[in-house]
Amino acid sequence: MSSNDRQTLARKLVDFMREEIPLARSMDLGLRGCGEDHLSIAAPLLPNVNDKGCAFGGSLVSTMTLTGWGLVELELRLRGEDCDVFVADSTVRYLEPVWTDFVSEARLAEGADWTSFFDTLATRGRARIDVACQVPGTGDRPAATLAARFVAKRRPPDAV
């Protein structure tokens, strides 16, 4: 699949998030970019601000969770797989306040790979994969990180 096709499908996925997940629409999430190994979603500060004037922690973790979910969902859609994707568990770390519009970036976690994930999905009808997400900070460190495991489960075929 070409990078333009991937970009188009990623844009449709973010549109889907905004249509089907009210929180994503309220947070005003938008596609920032995507590639073969990553997805990034942008969020403006204004609808995600807390009482101190910085990004609300719940908005940071929600954006990272949706970006991680989106990375898995995008790869499934690219391969024509009809699955439900769930976050199984996650750990979040807040490392510094975010005072501006922000971006969440998702990549496969170290040691995770699509080949093993899709091989397991083919044999068991479900598979899990670890994803690493971050909101970049002002320096070399991220402002927030999320380590999450996502599970994909094939939907049953439509009954006739």
Side-chain angles (χ1 to χ4, degrees), residues 1-110 112 114 117 128-153 155:
M1 175 167 279
S2 75
S3 61
N4 283 342
D5 292 340
R6 182 179 292 273
Q7 188 80 12
T8 298
L9 192 54
R11 193 168 315 284
K12 287 180 181 178
L13 177 61
V14 173
D15 290 345
F16 171 83
M17 284 183 203
R18 291 177 59 96
E19 290 168 13
E20 300 298 324
I21 304 170
L23 180 62
R25 183 176 43 257
S26 296
M27 293 172 63
D28 198 17
L29 300 183
L31 179 66
R32 173 69 179 270
C34 69
E36 290 186 23
D37 64 345
H38 74 280
L39 178 68
S40 60
I41 292 179
L45 180 63
L46 190 59
N48 297 292
V49 72
N50 66 16
D51 61 318
K52 291 152 195 67
C54 61
F56 175 58
S59 291
L60 294 172
V61 70
S62 294
T63 304
M64 289 187 292
T65 302
L66 284 165
T67 307
W69 174 88
L71 178 68
V72 177
E73 184 71 26
L74 179 60
E75 198 63 31
L76 287 162
R77 289 181 182 199
L78 285 166
R79 296 176 188 226
E81 294 286 350
D82 187 23
C83 295
D84 287 314
V85 178
F86 306 92
V87 61
D89 58 68
S90 65
T91 302
V92 64
R93 294 184 64 216
Y94 303 99
L95 304 167
E96 69 178 47
V98 176
W99 298 99
T100 62
D101 298 348
F102 58 93
V103 173
S104 170
E105 302 167 345
R107 296 183 182 279
L108 291 185
E110 189 173 327
W114 291 122
F117 174 80
R128 63 181 182 217
I129 194 156
D130 293 332
V131 175
C133 303
Q134 71 168 3
V135 172
T138 55
D140 291 337
R141 278 178 37 161
T145 63
L146 178 86
R149 175 170 293 140
F150 290 89
V151 175
K153 183 179 176 186
R155 292 185 186 107

Rounded to the nearest 0.5 Å, what's the gap from [atom1] on [X] to [atom2] on [Y]? Could you check?
X      : Y      : atom1 : atom2 : answer
Met64  : Phe102 : CE    : CZ    : 9.0 Å
Phe117 : Leu108 : CZ    : CG    : 9.5 Å
Leu78  : Asp5   : CG    : CG    : 9.0 Å

Taking C-beta and beyond as the side chain, do [X] and [Y] meet within less than 4.5 Å on heavy atoms?
X      : Y      : answer
Leu146 : Val92  : yes
Pro44  : Asp101 : yes
Pro97  : Lys52  : no
Trp69  : Leu39  : no
Arg149 : Asp130 : yes
Val135 : Thr63  : no
Arg18  : Asp28  : yes

Distance only, no hydrogens: is a donor on one side chain within 3.5 Å (strictly under) of an acceptor on the other, for Ser104 and Thr67?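 A donor-acceptor contact under 3.5 Å links the two side chains.
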Non-hydrogen atoms of [X] and [Y] that approach each other most closely:
X      : Y      : value
Trp99  : Leu45  : O-CD2, 3.2 Å
Val103 : Ser40  : CG1-CB, 3.9 Å
Gly68  : Val131 : CA-CG1, 3.9 Å

Assess whether atom CZ of Arg25 is packed by more than 12 heavy atoms of other residues, nucleotides or ligands within 6.0 Å. yes
Under-4.0 Å salt bridge between Arg6 and Glu75: yes
Test log, rule salt bridge (charged side-chain N to carboxylate O under 4.0 Å, His left out), inputs Asp37 and Arg107: CA-CA 6 Å; Asp37 64 345; Arg107 296 183 182 279; 3.2 Å; yes
